[in-house]
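Numbers restart at 1 for each chain; the letters A, B, ... are given by sequence-line order, proteins then strands. Quick caveat: nothing in here was measured; it's all calculated off a predicted structure.
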Amino acid sequence: MGYDFQRIEKKWQEYWSKNQTFKVCIDQNKPKYYVLDMFPYPSGSGLHVGHPLGYIASDIYSRFKRHKGFNVLHPMGYDAYGLPAEQYAIQTGTHPEITTEKNILRYREQLDKIGFSFDWSREVRTSDPKYYKWTQWTFIQLFESWFNNDTNKAERVSDLVVYFANNGNKNLNAVCDEVDDFTDAEWNSYTERQQQELLMKYRLAFISETMVNWCPELGTVLANDEVKEGLSERGGHPVEKKLMKQWSLRITAYSQRLLDGLDNLDWPDSLKEMQRNWIGRSEGASVIFNLAGNNSKGEIEVFTTRPDTLFGATFMVLAPEHELVDEITTADQKEDVDNYVTWAKNRSERERMTEVKNVSGQFTGAYAMNPLTNEEIPIWIADYVLSGYGTGAIMAVPGHDSRDFAFARHFNLPIIQVVVKEGEAETDPTEWDDSYDSKEGVMINSGFITGMPAAEAIKATITRIEEMGIGKGTINYRLRDAIFSRQRYWGEPFPMYYKDGMPYALSYDKLPLELPKVDSYLPTKEGNPPLANANNWVTEEGYPLETNTMPGFAGSSGYYLRYMDPNNESEYFSREANEYWKDVDLYIGGDEHAAGHLIYSRFWNKVLFDMGLVCEDEPFKKLINQGKIQGRSSFVYRIQGTNKFVSYGLRKDHPTTALHVDIDLVSNDILDIDGFKNWRSEFNDAEFVLEDGKYICGYEVEKMSKSKHNVQNPDALIEKYGADTLRLYEMFLGPLEQDKPWDTNGIEGVFRFLRKLWRLYFDDTDELIITDEKASADELKSLHKTIKKVTSDIERFSFNTGVSAFMICVNELSDLKCSKREILEPFAILLAPYAPHISEEIWQKLGNDQSITTAEFPIHNDEFLVENTFEYPVSFNGKMRFKLALPVNMAKNEIEDAALSAEEAAKWLEGKTVRKIIVVPNRIINIVVG
RNA sequence: GCUCGAGUGGUGGAAUUGGUAGACACGUUGGACUUAAAAUCCAAUGAGCAUCGCGCUCGUGCGGGUUCAAGUCCCGCCUCGAGUACCA
């Protein structure tokens with residue numbers, strides 16, 4: 001019979017499930033370890049081989065940590081809200097809940113077949129009211145919080161109300177929208193509505209009229225990270241800017257803490273870099289320019305990272321949306337300015353981005369004063385200045401900013417050089433091809449800073465403008481507040497209602513606010529979100545409830561916390577659970593979440609941390625991005641105009657068209673011709689030009705997709721080879737972090753390895769052949785070398801080399817005809833994290849009645865690895881010429897003598913002088929001759 | 001444009017601290033076993049040269065450099081991938 005993986009895998013999957021082998025509870029006697037996978041969105045097409053890659057790695061690590069005595073939390077759940085189920089509902093009327101449930105069942109079935117050690121008693125689903133109750137609860141926490149810059153953390157709005165009643169907003173250093181000063185007396189005289197409006201400007205979850213990314217095709221707004229190159233991430237539909245009243249999260253309050261927190265995280269550098277870029281901190285100064293002439297009372301504030309170049313500012317540019325545009329535009333320019341503003345407004349984001357090289361703008365007719373030169377400079381508007389960054393206005397320094405340079409050239413505006421490269425002389429800017437943007441250089445034509453290096457001039461200018469009261473050093477961030485409303489059905493309802501036009505939070509005992517049934521999943525005729533279709537969508541008192549729903553990232557922002565205490569009915573999680581499990585020790589998932597989920601989660605966690613609800617400031621200590629598995633598409637080559645197909649090697653002889661062919665019809669690039677003929681009716685009578693009697697297919701590495709016929713789902717492979725083979729093979733494919741093409745060609749090798757391993761323990765009739773005979777030195781060496789290698793490979797997440805270490809060991813033990821318990825029992829434990837089913841079976845057959853998961857991981861003993869001799873590679877001038885076995889403890893000078901007097905050395909020494917001998921003990925001997 | 005990452009046999013990849021380049025596996029070729037197939041086992045397999053079983057030369061994207069020694073470090077390029085994009 002041999003290795004009967006189907007029987008074995010079924011048996012152990014049932015055993016684990018029945019015995020709740022992986023159920024985990026708080027155990028103060030054991031150290032905790034929390035291994036988390038990014039939970040999947042259960043899509044209709046089920047798992048393909050790319051999904052389990054990260055799960056297999058995390059499962060190996062979890063099982064390893066259990067063997068090492070840790071209490072391992074390794075949960076799984078579903079990110080169950082999402083667009084596809086909703087779109088399916090719109091098309092078919094099927095409630096998204098039904099579609100989602102069906103997909104989850106399919107996912108679960110597929111996951112179970114791979115033999116993961118998840119504690120399913122902790123499963124969470126973001127769409128489950130028992131879960132989203134806590135998403136809504138957290139939203140209320142955000143609504144009831146504001147950010148105090150003095151303490152650098154979130155505090156309660158209730159405390160803010162007390163402060164306002166006693167002090168007004170004097171001396172308050174909060175992150176907020178623009179607020180005028182008010183006194184305690186004024187505050188106390190305000191109506192409730194006025195007070196609520198003011199508080200809204202401080203809340204961490206707030207509603208406001210903001211410029212949002214509106215996607216007409218999807219009928220919803222999107223957060224910045226959901227827009228890629230002016231198109232929606234989902235579906236690739238055009239996105240436009242639109243002013244709408246929406247919920248947002250004041251994540252910008254945490255910009256600096258989100259940036260600083262990265263330093264101590266064990267995350268890939270590339271991912272940290274992406275987050276740093278996304279946060280986009282830049283240091284500079286804000287400077288106030290007074291308007292010249294009739295408008296002399298007005299002022300324009302700009303942000304610049306180069307205050308040193310202030311003397312070179314020869315004009316100003318405002319974003320077309322800037323609030324002063326109307327006010328400052330002169331009568332004779334009004335028409336042109338209005339036309340430009342209208343034109344700019346109607347340009348899609350995509351157009352604006354792709355037409356970056358086209359310079360456009362319009363003079364307003366107004367002038368400002370350069371505060372340092374007192375020269376009048378013209379004020380223009382142009383859409384290369386963005387309303388959303390800095391102050392939406394810039395001082396243009398065409399000599400030292402390439403965009404300003406292009407603009408000045410186009411509109412014939414003056415250019416002044418104020419920075420010169422060290423040691424170079426001033427040149428005529430009218431002859432330049434480009435501006436000099438570098439900070440390396442010395443100031444010229446710049447009044448009191450002339451002669452200073454630019455870096456020093458930046459500091460000196462900031463000091464001067466602060467003294468003059470016309471500006472100050474400031475820091476700007478690119479990060480925007482997260483827009484949190486979606487005009488969709490399938491998402492968490494906001495626990496909010498409206499009274500007198502202002503939103504209020506529901507009381508906690510009203511949670512969860514369950515998603516209502518609706519007749520239509522589309523927006524209403526009036527253009528309101530789908531929830532407006534619900535009957536009676538009001539509070540008990542009759543106040544209307546919020547009709548927007550939360551975005552996809554709401555449910556995923558704090559799910560790792562719920563896993564700590566998933567069945568708690570009265571709290572999100574208990575203090576005890578949080579203090580025990582603390583944070584995620586290892587988080588594995590894709591890097592597509594760098595600017596989304598991983599920033600929102602960190603923010604979410606920090607707010608809860610500030611409120612004393614969680615004990616760690618950062619949620620994910622170590623993070624690994626598993627690479628994507630790309631598809632490997634196969635092609636057949638049809639001779640144009642015929643139904644004749646030519647084999648890969650001969651395709652150049654004919655004009656051909658390459659067609660994707662289903663990868664299930666191809667094995668080792670050889671086409672199953674009959675299968676192909678039956679694949680589609682049009683190929684029934686196809687003819688073939690073969691090479692060596694075979695039809696060889698071409699291949700290409702592409703994204704896995706249905707249309708390319710290259711999707712590999714794991715079920716068929718498990719059917720054919722078993723889960724243990726799949727697990728080993730996915731790991732053997734290459735380094736975890738690397739993108740790699742899926743190619744089943746190599747899977748046979750891993751399958752052969754497991755069968756070979758089986759034969760070490762069992763004979764042809766499946767009788768155990770293990771003996772209690774004492775192991776030999778060679779056998780012990782092979783085992784202990786492997787223990788050492790496999791342990792260190794798991795610890796550094798090098799799973800592919802771990803698999804190869806197993807193969808080497810099994811090859812060696814087979815050669816030694818080893819069948820000794822002393823060797824093969826520990827070996828089974830070593831393998832258990834990678835191939836748990838076969839290891840359990842062997843373990844049981846060896847007479848153990850407990851699951852192998854309870855066994856202690858073997859520790860290698862260096863004594864068995866000691867060698868008496870080392871085979872030195874002997875090099876001459878760095879080129880290896882021969883090998884020489886010498887005792888390991890031989891003295892350096894003896895090694896030199898031995899090498900020089902070796903028989904093979906003579907030929908290389910003949911007629912040469914030995915200039916130098918390098919001996920690195922137990923490494924290498926290099927003889928330099930000349 | 002900017003930021004980050006990667007380029008090693010026919011293929012996936014290994015080489016952890018600068019120290020034998022190509023581990024392990026696939027594929028291919030030849031052989032054993034078998035009526036045959038599957039399975040299994042053995043041998044060869046970077047390229048080139050060779051008085052083809054002594055051996056030599058070249059070889060980790062390209063060009064330089066440091067070093068006794070470079071896939072690994074430094075400088076300059078090329079190609080591919082990812083992120084981001086008028087961020088002042």
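- Taking atom C1' on both B:rA82 and B:rC68, the two are 41 Å apart, rounded to the nearest angstrom.
- Phosphate contact (OP1/OP2 of B:rU40, side-chain N/O of A:Arg755, threshold under 4.0 Å): present.
- Whole-Å rounding puts the A:Tyr384 OH to B:rA88 P distance at 13 Å.
- Across B:rA88, B:rU16, B:rG13, the shortest atom-to-atom separation from the side chain of A:Asp793 is found for B:rU16.
- Counting only distance, with no hydrogens or angles, the side chain of A:Tyr340 and the backbone of A:Asp383 share a donor-acceptor pair below 3.5 Å.
- OP1 or OP2 of B:rA88 has at least one side-chain nitrogen or oxygen of A:Ser282 nearer than 4.0 Å.
- Between A:Lys879 and A:Gly392, it is A:Lys879 whose nearest contact on RNA chain B lies nearer the 5' terminus.
- Each of A:Arg727, A:Glu730, A:Gln626 was compared with A:Pro52 under the side chain to side chain contact (heavy atoms under 4.5 Å, CB included) criterion, and only A:Glu730 meets it.
- For A:Lys740, no side-chain nitrogen or oxygen approaches OP1 or OP2 of B:rG12 to under 4.0 Å.
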Take A:Phe315 and A:Phe407 through the test ring pair (Phe, Tyr, Trp, His ring centres under 6.0 Å) and record every step on the way to the result.
-> CA-CA 10 Å; A:Phe315 58 101; A:Phe407 196 81; 5.7 Å; yes
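- Rounded to whole Å, atom C1' of B:rA85 lies 13 Å from atom OH of A:Tyr389.
- Defined by atom type and a distance below 3.5 Å, a donor-acceptor pair is present between the side-chain atoms of A:Thr801 and A:Asp793.
- OP1 or OP2 of B:rA6 has not a single side-chain nitrogen or oxygen of A:Gln738 nearer than 4.0 Å.
- Straight-line distance between the P atoms of B:rG7 and B:rU60: roughly 14 Å, to the nearest whole Å.
- One distance of note links OG of A:Ser282 with CD1 of A:Ile279; it measures 12.5 Å at 0.5 Å rounding.
- The main-chain N or O of A:Ala594 is found under 3.5 Å from a side-chain atom of A:Gln275 such that the two form a donor-acceptor pair.
- Residues A:Asp591 and A:His593 bring no donor and acceptor atom of their side chains to less than 3.5 Å of each other.
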Tabulate protein N/O versus nucleotide N/O from nucleotides 20-27 of chain B, keeping only pairs under 3.5 Å, one per line.
from: B:rU20; atom 1: O2; to: A:Lys883; atom 2: NZ; distance (Å): 3.0
from: B:rA25; atom 1: OP1; to: A:Asn811; atom 2: ND2; distance (Å): 2.9
from: B:rC26; atom 1: OP1; to: A:Arg752; atom 2: NH1; distance (Å): 2.6
from: B:rC26; atom 1: O2'; to: A:Asn745; atom 2: O; distance (Å): 3.0

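- Between A:Leu271 atom CG and B:rU3 atom C1' there is a gap of 13 Å when expressed in whole angstrom units.
- Within the 4.0 angstrom heavy-atom criterion, no nucleotide atom of any strand lies near A:Arg276.
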Give the dot-bracket string for RNA chain B, reading 5' to 3', where a pair is Watson-Crick or G-U wobble with both distances under 3.5 Å, ( ) marks pairs inside the strand, [ ] marks pairs crossing earlier ones, | marks a partner on another strand, and . marks unpaired.
-> (((((((..(((......[....)))((((((.......))))))((((.....))))..(((((..]....))))))))))))....
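- Rounded to whole Å, atom P of B:rA39 lies 19 Å from atom CZ of A:Phe753.
- Distance check on atom P: B:rG30 versus B:rA38 gives 14 Å, rounded to whole Å.
- Among the protein residues, A:Val397 comes within range of no part of the nucleic acid, since none of its heavy atoms lies under 4.0 Å from any strand.
- Here A:Lys789 lies in heavy-atom contact (under 4.0 Å) with a base.
- When each of A:Glu273 and A:Tyr477 is assigned the nucleotide of RNA chain B bearing its nearest heavy atom, the one mapping closer to the 5' terminus is A:Glu273.
- Backbone-only contact: A:Val928 has heavy atoms under 4.0 Å from sugar-phosphate atoms and none from a base.
- Nucleic acid contact for A:Pro268: none, since no nucleic acid atom lies under 4.0 Å from a heavy atom of the residue.
- Under 4.0 angstrom from either OP1 or OP2 of B:rA69 there lies no side-chain N or O belonging to A:Arg881.
- Residue contacts shown for A:Trp908 are limited to sugar-phosphate atoms, with no base heavy atom under 4.0 Å away.
- Between the CZ atom of A:Phe799 and the C1' atom of B:rG12 there is a distance of 18 Å, given to the nearest Å.
- Remark: side-chain polar atoms of A:Asn370 are paired, donor with acceptor, to backbone N or O of A:Ala313 under 3.5 angstrom.
- In this structure, A:Arg759 reaches the B:rC41 phosphate: one of its side-chain N or O atoms is under 4.0 Å from OP1 or OP2.
- Side-chain polar atoms of A:Tyr834 and A:Asp724 form no donor-acceptor pair below 3.5 angstrom.
- When the C1' atom of B:rA88 is taken as reference, atom CG of A:Leu310 falls 13 Å away, rounded to whole Å.
- Counting only N and O atoms by type, the side chains of A:Thr252 and A:Ser255 include no donor and acceptor under 3.5 Å apart.
- With distances taken from any side-chain atom of A:Asp743 to the nucleotides B:rU11, B:rG55, B:rC68, the minimum falls on B:rU11.
- In this structure a side-chain-to-backbone donor-acceptor pair under 3.5 Å is present from A:Arg480 to A:Arg478.
- Residue contacts for A:Ile394: at a heavy-atom cut-off of 4.0 Å it reaches a base atom on one of the strands shown.
- Taking atom P in both B:rA6 and B:rG55, one finds a spacing of 40 Å when rounded to whole Å.
- Set against B:rA88, B:rG19, B:rG13, the side chain of A:Phe303 has B:rA88 as its closest nucleotide.
- Going from the C1' atom of B:rU8 to that of B:rC58 covers 15 Å, rounded to whole Å.
- Rounded to whole angstrom, the span from the CG atom of A:Asp404 across to the P atom of B:rG1 amounts to 20 Å.
- Separation of the C1' atoms belonging to B:rU67 and B:rG18 is 9 Å when rounded to the nearest angstrom.
- Taking atom P in both B:rU66 and B:rA70, one finds a spacing of 12 Å when rounded to whole Å.
- The residue A:Arg281 sits apart from the nucleic acid: no heavy atom pair falls under 4.0 Å.
- Across B:rC4 and B:rA15, the matching C1' atoms stand 25 Å from one another, rounded to whole Å.
- Screening residues 911-930 of chain A for side chain to side chain donor-acceptor pair (under 3.5 Å), with sequence neighbours left out, gives no hits.
- Among the protein residues, A:Arg915 comes within range of no part of the nucleic acid, since none of its heavy atoms lies under 4.0 Å from any strand.
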